[in-house]
Amino acid sequence: QVHLVESGGGLVQAGASLRLSCVASGRTLTPHSMGWFRQGAEKEREFVAGFTLRGGFTRYGDSVKGRFTISRDDAKNTMYLSLNSLKPADTAVYYCAADYTRYLNADYISPSQSAYEYWGQGTQVTVSS
């Protein structure tokens, strides 16, 4: 089992920044990739960003490219998502997730939530206009 805990969400004004954290514990095997997803009210869960644990390849959703940055601190078993230039459309519950699938391509990062086996409980980000 993998236990993921997100934190760092909050209520901010448009244009502000936040940094979300995701602390992982439990299973010792390294996942292929870690990712951030978000789900707004009455919307489907959307891929935000991800990275591969080996190689450090990254991938971003089109709506956040250039504004959000994914990073990691292996010593703390922690993944971060820096959210800049926030917009009301970014309002959502943000989830971190771990993908243990074995892919042929080492740099592949799945944007599909079905590929991710473990999920955190989510942290709410609300952006006011």
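Computed from a predicted structure; not experimentally measured. Along the sequence shown, residues are numbered consecutively beginning with 1.
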Verify the distance criterion only: is there a donor paired with an acceptor across the side chains of Ser33 and Arg54 at less than 3.5 Å? no
Any chance the side chains of Ser112 and Ser110 put a donor and an acceptor closer than 3.5 Å? no
4.5 Å side-chain heavy-atom contact, Val2 and Tyr100: yes
Just to verify, what does Ser85 make a side chain to side chain contact (heavy atoms under 4.5 Å, CB included) with, not counting sequence neighbours? Arg67
When rounded to the nearest 0.5 angstrom, what is the spacing between CG in Leu18 and CG in Asn84? 9.0 Å
Is there a side-chain contact between Asp73 and Tyr80 in this structure, where contact means two heavy atoms from C-beta onward sitting under 4.5 Å apart? yes
Kindly give the heavy-atom pair with the smallest separation between Ala14 and Ser129, and that separation in Å. CB-CA, 4.4 Å
Starting from Trp119, can I reach Val93 by hopping between I/L/V/M/F/W/Y residues whose side chains sit under 4.5 Å apart? yes
With clusters defined by side-chain heavy atoms of hydrophobic residues (ILVMFWY) lying less than 4.5 Å apart, directly or transitively, does Leu83 cluster with Phe51? yes
Looking at Leu81 and Ala49, what are the two nearest heavy atoms and their distance? CD1-CB, 4.2 Å
Can you find a heavy atom in the side chain of Tyr108 that is under 4.5 Å from one in the side chain of Arg59? yes
May I ask you to check whether over 12 heavy atoms, not counting those of Gln121, lie within 6.0 Å of atom CD? yes
Taking it one step at a time, do Asp62 and Lys65 satisfy salt bridge (charged side-chain N to carboxylate O under 4.0 Å, His left out)? CA-CA 5 Å; Asp62 290 341; Lys65 282 181 182 177; 3.2 Å; yes
Smallest heavy-atom separation, His3 atom then Val5 atom, equals NE2-CG2, 3.5 Å
If we count only N and O atoms by modelled type, under 3.5 Å, do the side chains of Gln124 and Thr91 hold a donor and an acceptor together? no
State, yes or no, whether a side-chain contact exists between Arg38 and Val125 at a heavy-atom distance under 4.5 Å. no
Counting C-beta onward and ignoring hydrogens, is there a side-chain heavy-atom pair between Ser7 and Thr123 closer than 4.5 Å? no
Sub-3.5 Å donor-acceptor pair from the side chain of Arg72 to the main-chain atoms of Leu53, do we have one? yes
Side-chain contact test, heavy atoms from C-beta onward, threshold under 4.5 Å: evaluate it for Trp36 versus Ile70 and give yes or no. yes
Heavy-atom pair with the smallest gap, counting every atom of Ala98 and Pro31: CB-CB, 4.3 Å
Is there a donor in the side chain of Asp107 and an acceptor in the side chain of Tyr103, or the other way round, less than 3.5 Å apart? no
Hits for side chain to side chain donor-acceptor pair (under 3.5 Å) against Arg45, two or more places apart or cross-chain, chain-then-number order -> Gln39
Report yes if the side chains of His32 and Thr52 come closer than 4.5 Å at any heavy-atom pair, otherwise no. yes
Give the ring-plane orientation class for Tyr94 versus Phe68, where under 30° counts as parallel, over 60° as perpendicular and anything between as tilted. tilted
For the student: nearest non-hydrogen atoms of Met79 and Cys96, plus distance: CE-CB, 3.5 Å
Nearest atoms (heavy-atom pairs only) where Ala97 meets Leu4: CA-CD1, 3.8 Å
Would Tyr118 end up clustered with Met34 when hydrophobic side chains under 4.5 Å apart are linked, directly or stepwise? yes
Could you grab the distance from atom CD of Gln13 to atom CG of Leu86, nearest 0.5 Å is fine? 11.5 Å
What do you reckon, are the aromatic ring centroids of Phe47 and Phe37 less than 6.0 Å apart? yes
Verify same cluster id: Val48, Val127 (apolar side-chain graph, 4.5 Å): yes
